[in-house]
Amino acid sequence: MNSQVLSSQTIELERDQVSILGPKLELHNCTVISETDGQGMVFAGLRMHGGIFDQKQALRNFHFQGVHFLRVRFMGKYIGCDFGDWEDMDRSSVSECDFSSARLQDCRLLNCDMKGILIPKWPCFCLLNPAEARDFVISQQWPKKIGLTLDIYTDSDRECVAIFGDASVLAKESGLPLSEIRALLQIIPGVNIVD
């Protein structure tokens with residue numbers, strides 16, 4: 001799909017096919033239903049204003065590059081995904097989007113304004129400006145798996161304005177109860193938890 005403007009349509013990205021969105025594709029209040037993994041999705045110049053991006057199977061290690069999301073509601077599970085762009089906001093961006101219905105683990109928001117961004121509810125959590133929490137994180141004693149994860153999260157460039165984690169994954173990997181993990185996370189500068 002390219003060189004068109006669509007409104008209030010449903011676009012399906014099917015499993016075992018490569019879907020190329022763009023160049024010069026605009027979606028206004030559309031619903032994108034993705035059954036594909038990262039290898040089946042290519043953004044070559046998409047602007048999505050409003051609407052829903054619904055990822056039906058877990059999307060892993062995907063960079064939403066070549067796409068601008070404005071006021072889009074995300075649904076589904078995302079692991080290790082990047083939204084926005086490290087260097088060029090004209091190439092990719094994310095603004096005023098709603099992630100409250102999504103499951104995010106090890107996902108980063110790059111070069112964006114966090115005002116208007118809705119984050120997922122607990123057990124997901126958000127660490128704002130992770131590079132600024134670096135000194136605090138490395139000065140503390142942490143349970144091994146949690147310390148390793150926080151070390152990775154905060155060893156980041158300033159272009160990363162937020163990183164999302166999933167405390168239920170930390171609980172499973174560390175053997176600690178969620179309540180204990182929450183208490184540990186809450187002392188970190190910039191951590192945001194929504195009930």
Side-chain angles (χ1 to χ4, degrees), residues 8-15 19 21 27-43 46-86 89 92-130 149-150 152-153 156 159-173 178 181-182 185-186 188 190-195:
S8 304
Q9 303 285 317
T10 297
I11 292 104
E12 295 186 25
L13 310 181
E14 296 179 18
R15 192 184 308 242
S19 299
L21 300 178
L27 303 179
H28 294 272
N29 297 312
C30 291
T31 298
V32 176
I33 298 173
S34 172
E35 300 271 357
T36 189
D37 60 16
Q39 295 182 347
M41 223 172 359
V42 178
F43 296 103
L46 167 67
R47 291 189 177 276
M48 189 168 176
H49 300 267
I52 296 170
F53 192 97
D54 189 359
Q55 182 65 35
K56 293 297 188 185
Q57 66 169 345
L59 183 62
R60 296 176 182 273
N61 303 319
F62 185 77
H63 186 174
F64 284 92
Q65 200 164 20
V67 58
H68 297 276
F69 292 116
L70 173 63
R71 295 189 205 96
V72 174
R73 181 173 175 225
F74 287 88
M75 301 173 74
K77 188 169 186 178
Y78 304 83
I79 302 167
C81 295
D82 288 346
F83 299 85
D85 200 276
W86 286 103
M89 292 172 62
S92 314
S93 66
V94 57
S95 181
E96 299 178 43
C97 288
D98 181 353
F99 292 94
S100 63
S101 299
R103 214 44 204 265
L104 302 178
Q105 176 190 338
D106 306 337
C107 292
R108 299 178 291 194
L109 297 187
L110 310 172
N111 279 319
C112 71
D113 185 349
M114 286 300 291
K115 288 182 191 146
I117 302 264
L118 298 178
I119 66 174
K121 291 185 166 88
W122 178 258
C124 289
F125 63 93
C126 176
L127 176 56
L128 299 170
N129 303 311
T149 299
L150 293 173
I152 292 167
Y153 281 9
S156 184
E159 290 82 1
C160 176
V161 298
I163 190 161
F164 296 92
D166 187 336
S168 64
V169 173
L170 290 178
K172 185 175 180 183
E173 291 173 347
L178 270 175
I181 289 173
R182 182 173 176 139
L185 293 172
Q186 285 179 315
I188 302 170
V191 161
N192 195 342
I193 293 173
V194 176
D195 289 315

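For the single chain, residues carry numbers from 1 onward in sequence order.
Looking only at distances, no side-chain donor or acceptor of N29 sits under 3.5 Å from a matching main-chain atom of S8. Q57 contributes a side-chain N or O that, together with a main-chain N or O of E35, makes up a donor-acceptor pair within less than 3.5 Å.
For K56, the salt bridge (Lys or Arg N to Asp or Glu O under 4.0 Å) criterion is met by D54, not counting sequence neighbours. The ring-ring contact (aromatic ring centres under 6.0 Å, His included) test applied to F125 returns no partner, not counting sequence neighbours. Every residue meeting the ring-ring contact (aromatic ring centres under 6.0 Å, His included) condition with H49, not counting sequence neighbours, appears here in chain and number order: H28.
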Item to complete: Show your reasoning for whether side chain to side chain donor-acceptor pair (under 3.5 Å) applies to S168 and R103.
Response: CA-CA 11 Å; S168 64; R103 214 44 204 265; 3.0 Å; yes
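Under the 4.5 Å side-chain criterion, counting only non-hydrogen atoms from C-beta, W122 is not in contact with V194. Here the side chains of V161 and L109 are in contact, with some heavy-atom distance below 4.5 Å. I117 places a side-chain heavy atom less than 4.5 Å from the side chain of F99. At least one side-chain heavy atom of T36 sits less than 4.5 Å from a side-chain heavy atom of L13. For the pair C97/F69, a side-chain contact is recorded, criterion being any heavy-atom separation below 4.5 Å from C-beta on.
Salt-bridge check for D166 with K172: failed, with every basic side-chain N at 4.0 Å or more from each acidic carboxylate O.
Side-chain contact check for D106 and Y78: no donor-acceptor pair (N or O, by modelled atom type) lies under 3.5 Å. In summary, the side chains of S34 and R15 do not present any donor paired with an acceptor at a separation below 3.5 Å, with no hydrogens or angles considered.
Within the model, atoms CZ of F83 and OG of S92 stand 11.5 Å from one another, a figure rounded to the nearest 0.5 Å. Expressed to the nearest 0.5 Å, how far CG of D98 lies from CZ of R71 amounts to 12.5 Å. Taking OG1 from T31 and CZ from R73, the interatomic distance works out to 10.0 Å, rounded to the nearest 0.5 Å. Here the CZ atom belonging to F62 is positioned 10.5 Å from the CG atom belonging to D82, to the nearest 0.5 angstrom.
Closest heavy-atom contact between A162 and C126: CB-SG, 3.8 Å.
The aromatic rings of F53 and F43 sit tilted, their planes meeting at an angle between 30° and 60°.
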